[in-house]
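Throughout, residue positions are numbered sequentially from 1 according to the sequence presented.
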Amino acid sequence: MAFLLGDCQLLDRIREKNITQAEFARHMGCSRSYVNQLIKGKPRMSLEFAINAAHFLNCSVNDLYTLQWSSKRNE
């Protein structure tokens, strides 16, 4: 049994902080297009990026994705 990453919730966290994607990207040192790609789910955030994003957005790393419970580990 394991948790699997579902949909990216980054856009919701950015909106909760009341900033734009561009402001978030500037703070994170990446492009707005990269942030947009993350929001769309391709690619997934690296752990390092997620930790830094969660710190800036004042949320938990777990808040950046919907977590799905799976009874199978290798899905």
Side-chain angles (χ1 to χ4, degrees):
M1 293 192 255
F3 284 107
L4 301 173
L5 292 181
D7 293 333
C8 180
Q9 300 299 309
L10 181 58
L11 183 57
D12 292 335
R13 304 295 81 82
I14 290 171
R15 287 178 175 161
E16 287 171 359
K17 181 111 174 141
N18 201 29
I19 60 172
T20 66
Q21 290 180 40
E23 290 169 318
F24 176 75
R26 253 190 318 277
H27 176 81
M28 296 299 294
C30 64
S31 68
R32 185 178 173 278
S33 64
Y34 180 68
V35 170
N36 193 261
Q37 289 171 3
L38 291 173
I39 288 168
K40 291 179 180 179
K42 300 288 180 185
R44 299 247 188 225
M45 281 179 242
S46 69
L47 179 58
E48 181 179 359
F49 189 95
I51 290 168
N52 286 299
H55 178 74
F56 175 66
L57 297 169
N58 196 32
C59 67
S60 166
V61 171
N62 290 349
D63 295 332
L64 298 175
Y65 284 95
T66 302
L67 297 178
Q68 300 171 340
W69 182 251
S70 173
S71 59
K72 296 180 182 178
R73 178 67 179 121
N74 294 326
E75 283 190 353

In the single-linkage hydrophobic clustering (I, L, V, M, F, W, Y; side-chain heavy atoms under 4.5 Å), do Leu67 and Trp69 co-cluster?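 Yes, same cluster.
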Looking at Cys59 and Leu64, what are the two nearest heavy atoms and their distance?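 That closest heavy-atom pairing would be SG-CD2, 3.9 Å.
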Apply ring-ring contact (aromatic ring centres under 6.0 Å, His included) to Phe49 and list each qualifying residue two or more places apart in sequence or on a separate chain.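 Checked Phe49 against ring-ring contact (aromatic ring centres under 6.0 Å, His included); matches are Tyr34.
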Using side-chain heavy atoms (C-beta onward) and a distance below 4.5 Å, is Lys17 in contact with Phe24?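 They are not in side-chain contact.
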For residues 52-61, pull every pair meeting side chain to side chain donor-acceptor pair (under 3.5 Å), keeping only residues two or more places apart or in separate chains.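 Output for this query is empty, none listed.
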If you look only at pairs with a residue in residues 23-33, which of them pass as a side chain to side chain donor-acceptor pair (under 3.5 Å), with sequence neighbours excluded?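 Only Thr20-Glu23, Ser31-Ser33 qualify under side chain to side chain donor-acceptor pair (under 3.5 Å).
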Go through the structure and list residues passing side-chain hydrogen bond (donor to acceptor under 3.5 Å, both in side chains) with Lys40, not counting sequence neighbours.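 So Lys40 forms a side-chain hydrogen bond (donor to acceptor under 3.5 Å, both in side chains) with Asn36.
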Do any side-chain atoms of residues 2-15 form donor-acceptor pairs under 3.5 angstrom with protein atoms, and if so which ones, sequence neighbours left out?
unit_1 : atom_1 : unit_2 : atom_2 : d
Gln9   : NE2    : Thr66  : OG1    : 2.9
Arg13  : NE     : Glu16  : OE1    : 3.1
Arg13  : NH1    : Asp63  : O      : 2.8
Arg13  : NH2    : Glu16  : OE2    : 3.0

